[in-house]
Amino acid sequence: MIMAEGQTGFLRMRWKQDGLFPLAARLILGAVFIYASIDKIAHPEAFAKVVYNYQILPDILVNLTAIIPPWLELILGFFLIIGLFREGSVGIVTALLVVFLGAMIFNLVRGLDIHCGCFSTRQEAASNISMCLYVFRDGLFLLLGLCLLSSIFLGKQ
Amino acid sequence: MKTDRIARKTWRAIWQSGVIIILSAVVGLLTNQGRSNTLPLVAEWSPESKLTADSMESLVISLEEAKTLCSDKGAVFLDARSPEDYAQGHIRCAQNIPWQSFDEYLDRVFNMIPDDAWIVTYCDGETCSLSEDLAKELVSMGYEKVKVLLNGWTRWFEAGFPIEVVKNASCEKHRIS
């Protein structure tokens, strides 16, 4: 009970400090990034295969991309939620969302209907969802990231 | 004043980004090193290198070699795609062994394919791994002469080689040269 009141107090303080929308956007994007990282960290081999299937990176970068960026997603997710390194976290998150969206649109345009690998490394988990849906979903996340970026950089704090 | 504030925040974002990226790289690399099945930092990802048997012999077969084997009935061709995809069109000499339900086809495989037969597996698409998975399973079952025709259906179809489609529920096969 005391802890719940403490948490409520912390959220109320952040709400007053950041504003409701930036706080909500940070919490949503933070949760999304943490969720997206877990399966990739647990199954790096499978994620490396997903990265390879995108056919964008040279072979030499496939495994490194499967090893480091999932941890980047996890750390960014935590930092977004607790509000640490806000400018840097939001900047990288927005840049990553641009890269993810760009990669998907690139493959959509060239007709490669590949497994997205955004949240799960299992092929069958997303086989019925089209790339268009992935693009739309990532577009919404990017919109959220851009709004957050502008509120942080153009805000008075 | 406002410009100063944005410049200050941009500078802060730059050094913070550096710290976050370095931290991620260190944690990611250390965790990978600590795993029982460490992922090599650099690996060969070409289909040919992935499809190399323990004997270091490539499992990949060329389109022309496959065409010859099909014409001469020198190999058993296995289509690893779903029955629906197989029905819509397949290599004329191919049997359907869907990798997704391979266990149900085990008896058929053992009955149909002699131990010393040449086997060619294929599926469709540059990133399709069904034929690769099927080929590796067949090798592990003891078949020694297994080959994979990469991106098989598309390449075969585009080359104008003989194909077959299954017409409606009666499973009547329709040949197209």
Side-chain angles (χ1 to χ4, degrees), chain A residues 37 40-55 57-76 78-80 84-95 107 110-115 123-124 127 149-150 152-157, chain B residues 1-50 81-82 84-85 98-101 123-130 132-133 151 154:
Chain A
S37 70
K40 297 172 194 167
I41 289 172
H43 306 105
E45 305 89 356
F47 183 51
K49 197 165 186 177
V50 172
V51 173
Y52 168 73
N53 284 346
Y54 267 81
Q55 295 180 44
L57 290 174
D59 287 4
I60 198 169
L61 292 179
V62 170
N63 280 12
L64 276 174
T65 307
I67 292 168
I68 297 172
W71 283 97
L72 181 62
E73 287 181 337
L74 184 69
I75 289 169
L76 284 171
F78 274 119
F79 281 10
L80 279 179
L84 187 64
F85 286 177
R86 278 191 317 165
E87 290 84 355
S89 302
V90 174
I92 301 178
V93 161
T94 310
N107 275 345
R110 63 176 175 163
L112 269 183
D113 188 5
I114 60 167
H115 170 60
Q123 294 283 333
E124 65 274 17
S127 58
L149 193 71
S150 68
I152 285 179
F153 276 82
L154 301 178
K156 289 185 177 173
Q157 284 182 16
Chain B
M1 190 69 179
K2 192 177 178 182
T3 320
D4 287 349
R5 197 168 57 230
I6 292 174
R8 206 168 51 244
K9 286 182 177 181
T10 305
W11 174 243
R12 208 184 300 159
I14 291 170
W15 73 255
Q16 287 178 356
S17 300
V19 171
I20 293 169
I21 289 169
I22 291 169
L23 181 64
S24 307
V26 170
V27 174
L29 292 171
L30 286 179
T31 311
N32 184 53
Q33 287 305 313
R35 284 167 54 90
S36 55
N37 51 341
T38 304
L39 197 65
L41 299 185
V42 177
E44 186 66 61
W45 275 93
S46 67
E48 289 76 10
S49 67
K50 280 196 303 169
R81 300 173 301 158
S82 67
E84 294 77 28
D85 288 337
W99 171 245
Q100 304 289 15
S101 44
C123 53
D124 187 30
E126 290 177 10
T127 63
C128 174
S129 60
L130 301 174
E132 174 190 331
D133 294 335
N151 194 12
T154 296

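Here is how names work: the chains are called A, B, and so on, in the same order as the sequence lines, proteins then strands, and each is numbered from 1.
In this structure, the side chain of B:Asn151 engages the main chain of B:Gly125 through a donor-acceptor pair within 3.5 Å. Judged by distance alone, the side chain of B:Ser129 and the main-chain N or O of B:Glu132 form no donor-acceptor pair under 3.5 Å. Under a 3.5 Å cut-off, the side chain of B:Lys9 and the backbone N or O of A:Glu87 do not form any donor-acceptor pair.
Contacts of A:Ala95 with chain B are absent, with no heavy-atom separation under 4.5 Å from either backbone or side chain. Within the 4.5 angstrom heavy-atom criterion, no atom of A:Leu74 approaches chain B. Both the backbone and the side chain of B:Leu23 come within contact range of chain A, judged by heavy atoms closer than 4.5 Å. Interface residue A:Leu72: backbone and side-chain heavy atoms are both found under 4.5 Å from chain B.
Ranking A:Leu64, A:Ile67, A:Val62, A:Leu76 against chain B, the residue ahead of the rest is A:Ile67, based on heavy-atom pairs under 4.5 Å.
No option in A:Asp59, A:Asn63, A:Thr65 other than A:Thr65 meets the side-chain contact (heavy atoms from CB on, under 4.5 Å) test with A:Leu61.
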Can I get a per-line list of side-chain donor-acceptor pairs under 3.5 Å for residues 26-35 of chain B, giving both atom names and the distance, sequence neighbours left out?
from: B:Thr31; atom 1: OG1; to: B:Val27; atom 2: O; distance (Å): 2.5
from: B:Asn32; atom 1: OD1; to: B:Leu39; atom 2: N; distance (Å): 3.1
from: B:Asn32; atom 1: ND2; to: B:Leu39; atom 2: O; distance (Å): 2.8
from: B:Arg35; atom 1: NH2; to: A:Glu45; atom 2: OE2; distance (Å): 3.1
from: B:Arg35; atom 1: NH2; to: B:Asn37; atom 2: OD1; distance (Å): 3.2

